Structure formats: structure tokens, C-alpha cells
Protein chains: 2
Amino acid sequence: MAVVRRKNRVAPPPEKCPLTECLSIIGGAWTPNIIWYLSVQPRRFSELKNDLGSISPKVLTERLKRLEADGVVLREVKPTSPPTVEYSLTELGNELKPAIEAIVNVGHRLKALKQQ
Amino acid sequence: MAVVRRKNRVAPPPEKCPLTECLSIIGGAWTPNIIWYLSVQPRRFSELKNDLGSISPKVLTERLKRLEADGVVLREVKPTSPPTVEYSLTELGNELKPAIEAIVNVGHRLKALKQQ
DNA sequence: GAACTAAGTTACTAAATGGTAACTACATTT
DNA sequence: AAATGTAGTTACCATTTAGTAACTTAGTTC
């Protein structure tokens, strides 16, 4: 039985791939988790650190800076003493919610299917 | 103005985090793209390699093996000559589609917003 | 018989990533 | 006065990750 040469191409996920575009923002350890927490409510640095459990301050700082640079997260210094810093999702950041939610939902389904 | 000690905790994304669960499967370079292509139709090794453009065969093999081990992808050797190998999504793999689609959709929105 | 296709494998390298631990400065609480 | 909380920073290290390039086996087309 000779090999069949298939010539059909699948159109690629269109130019400058939206998949890659979105993943370049939510990629990296902890990032989706951070966005998840911020989607619930604005959080302070130390609160996020606590929420996430074993993240190091170094990585948390890195992630927040990148998210801020990407326009996804807003950083606000509050005039308390000592000053506190509150992070929240920007409008652009809110756009990410559906993706995070979909991933969470699939995660639930995967867990359910695994347990059977 | 004294610092406000906030005591409320945000409930963590529930035990053994579904977010992390799902990301452990779709994480890693090229993985979401591979799933995207397979969600359109079953694809052969060389077809995927072509679809993805600049992926190396080493990485493609790695990704496919892991996806197969995770029960997300089915690998079938076809009795052609030379033998060809067809990859497709399993039922479990199909569960991932909504997440990939959501990411793609958000990617579109991000691109649209950026261009303004 | 040479070149090509299919589906990879292997050895090596470079870069990115994440983690650890210690440190800062200032203010408040005990 | 000491400890704690706030929001980080810095230097260093280990691991992971991805990429390159060359190679394999076997059949098939030119």
C-alpha cells in the first residue's frame, strides 16, 4: 500500500497568531494564577504573595512588572504608612478573564475525567 | 494615615488547582499550536512540522509524546509504505478545545485593542 | 543509482527560567 | 527595644528548555 501524498494544507491560526499573542502575556510560571486572583479583587503585594503560597518575592515582582508593562495590571501606591501597593486588572486585563476561566473550567473537567 | 491591615483572604482556586492542572498539559512552547492544528483535523508528523513552520523535529516529537502520555493525543501508525503516523485528539483532547479557543479569542481582542 | 520522503533519534549548546538567601528602609505594634 | 509588616532588590546558582545539526532506516520516485 503506497503512501498517500496529501496536499491539503490547514490554514494557520491567522497572521501573527492570536494564540501566541495571548500566550505571550499569560505565559510564565504563576502568571495565570496572579491574574486569577486579581480578577477576584485588587490585591496588595504581600496579599498576592500569601495567596500564591510558595512564590518568591523576586518572581512575583517580575511577573507584576511585566503585566504592568503589558498594560494588563495597574499598580497604585496608596498613601498609607508604610506605603502599600495595590495591584488590579486594567480594562485590557479584564479581557483576559474569559481565557483564564476557560482554562479553569477545562481543568475541572480534566480532573473529573481522571477520577473515573 | 496608618496602614490598614486587611484580613480577608481570597479563597484559592480550589484544591489541586484546575488552572495548574490544565496548564501542565497545554504548557510548553508549541503545545497550544499543536493542539489547535489537531483540533481542525488529524495530522501526520511531517504535516504538523510543516504547519508549525520553524519547530524542530526534536521538539515536535517531545511534545507529541507528552501529549500522548497525557491521554490527549492518539498516535496511529498507518500501514502505508513507508509507514506514516497520524496524530489526532482523543476525547480528553477535545476537552481542551474550549480553552484553546478562548485563548485565541482573547488574542484577537488584544490585537484589536492594540491597534487603536 | 541518486535523491527524496517519512518519522523520527542523538549529541551538543545556548539561553531563559525559576529558585534561594540575604538584604534594604521605614513604620508600627508589642 | 525588639519584632513584625510593607514592598521590594540583589547576587548567585541549578535546572529546564529550546534550538542546531547531523544521522538513521527503509521504501519510492526519477
Side-chain angles (χ1 to χ4, degrees), chain A residues 1-9 17 20 23-34 37-38 42-70 73-88, chain B residues 1-9 17 20 23-34 37-38 42-70 73-88:
Chain A
M1 186 193 194
V3 67
V4 180
R5 296 276 156 80
R6 298 202 291 201
K7 298 207 171 153
N8 61 320
R9 306 205 168 168
C17 183
T20 306
L23 288 167
S24 77
I25 292 178
I26 68 173
W30 303 108
T31 310
N33 303 271
I34 292 171
Y37 280 105
L38 293 182
R43 278 321 243 169
R44 300 206 301 232
F45 185 88
S46 55
E47 289 173 328
L48 282 173
K49 192 163 153 20
N50 234 288
D51 293 336
L52 295 164
S54 58
I55 195 175
S56 68
K58 182 197 126 188
V59 171
L60 181 52
T61 305
E62 267 175 24
R63 289 306 107 103
L64 290 170
K65 277 187 178 162
R66 251 209 51 213
L67 289 170
E68 198 193 351
D70 286 339
V73 155
L74 178 69
R75 178 181 186 273
E76 290 176 286
V77 179
K78 299 282 172 169
T80 53
S81 149
T84 53
V85 180
E86 190 163 270
Y87 294 92
S88 55
Chain B
M1 186 194 194
V3 67
V4 179
R5 294 275 156 81
R6 298 201 290 200
K7 298 209 170 150
N8 62 321
R9 307 206 168 168
C17 181
T20 306
L23 287 168
S24 76
I25 293 180
I26 68 172
W30 302 107
T31 310
N33 303 272
I34 291 170
Y37 279 105
L38 293 181
R43 274 326 238 170
R44 300 204 302 230
F45 186 88
S46 53
E47 289 173 328
L48 282 173
K49 191 162 155 19
N50 235 288
D51 293 337
L52 295 164
S54 60
I55 194 175
S56 68
K58 182 197 125 189
V59 172
L60 181 52
T61 305
E62 267 174 25
R63 288 306 108 101
L64 290 170
K65 277 187 179 164
R66 253 208 52 214
L67 290 170
E68 198 193 351
D70 286 338
V73 155
L74 180 67
R75 178 182 184 273
E76 290 176 287
V77 179
K78 300 282 173 168
T80 52
S81 150
T84 52
V85 180
E86 189 163 273
Y87 294 91
S88 55

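By convention in this document, chain letters (A, B, ...) are assigned in the order of the sequence lines, proteins followed by strands, and residues within each chain are numbered from 1. Keep in mind the model is a prediction, meaning the values are calculated, not measured.
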Heavy atoms under 4.0 Å, any strand shown: does B/Ser46 hit a base, just sugar-phosphate, or nothing? sugar-phosphate
Please determine, for the side chain of B/Ala29, which listed nucleotide (D/dA18, C/dG8, C/dG18) has the closest atom? D/dA18
How many Å lie between CG on B/Leu52 and P on D/dG19, as a whole number? 11 Å
What is the distance, to the nearest angstrom, from the CZ atom on A/Arg43 to the C1' atom on D/dT6? 15 Å
Using a cut-off of less than 4.0 Å, is there contact between a side-chain N or O of A/Tyr87 and OP1 or OP2 of D/dG8? yes
Under 4.0 Å between a side-chain N/O of A/Arg44 and OP1 or OP2 of D/dG5, yes or no? no
Distance in angstrom units between B/Lys49 NZ and D/dA21 C1', rounded: 12 Å
Take atom CD of A/Glu68 and atom P of D/dA7, then tell me their distance rounded to the nearest Å. 14 Å
Is there a donor-acceptor pair closer than 3.5 Å between any side-chain N or O of B/Glu62 and the backbone N or O of B/Val59? no
Side-chain donor/acceptor of B/Arg66 to backbone N/O of B/Thr61, under 3.5 Å: no
How many Å lie between CG on B/Asn50 and C1' on C/dT5, as a whole number? 12 Å
Any N/O donor-acceptor pair, B/Lys58 side-chain to D/dG19 base, under 3.5 Å: yes
Tell me which nucleotide among C/dG18, C/dC26, D/dG19 gets nearest to the side chain of A/Pro82. C/dC26
C/dG8, D/dA7, C/dG18: which one has an atom nearest the side-chain heavy atoms of B/Phe45? C/dG8
With sugar-phosphate meaning primed atoms plus P, OP1 and OP2, does A/Lys65 contact a base, only sugar-phosphate, or nothing at under 4.0 Å between heavy atoms? sugar-phosphate
Rounded distance in Å - CZ (A/Arg63) to P (C/dA16): 14 Å
Taking only the side-chain heavy atoms of B/Ser56 (C-beta and beyond), determine which of D/dA18, C/dT20, D/dT20 contains the nearest atom. D/dT20
Among B/Asn33, B/Leu60, B/Asn50, whose side chain to side chain contact (heavy atoms under 4.5 Å, CB included) with B/Ile55 holds? B/Leu60
Can you name the closest pair of heavy atoms from A/Ile25 and A/Thr31 and give their distance? O-CG2, 3.5 Å
Would you name the heavy atoms of B/Glu76 and B/Ser88 that are closest together and state the gap between them? OE1-OG, 4.3 Å
Closest to side chain of A/Pro57, choosing from C/dG8, D/dG19, D/dG8: D/dG8
What integer distance in Å separates B/Leu60:CG from C/dA7:P? 10 Å
From the options D/dA18, C/dA7, D/dA7, select the nucleotide whose nearest atom is closest to the side chain of A/Arg75. D/dA7
Between B/Thr61 and A/Gly28, just flag the one whose closest nucleotide in DNA chain C comes earlier from the 5' side. B/Thr61
Nucleotide D/dA7, atom P - distance to CD of A/Glu47 in whole Å: 8 Å
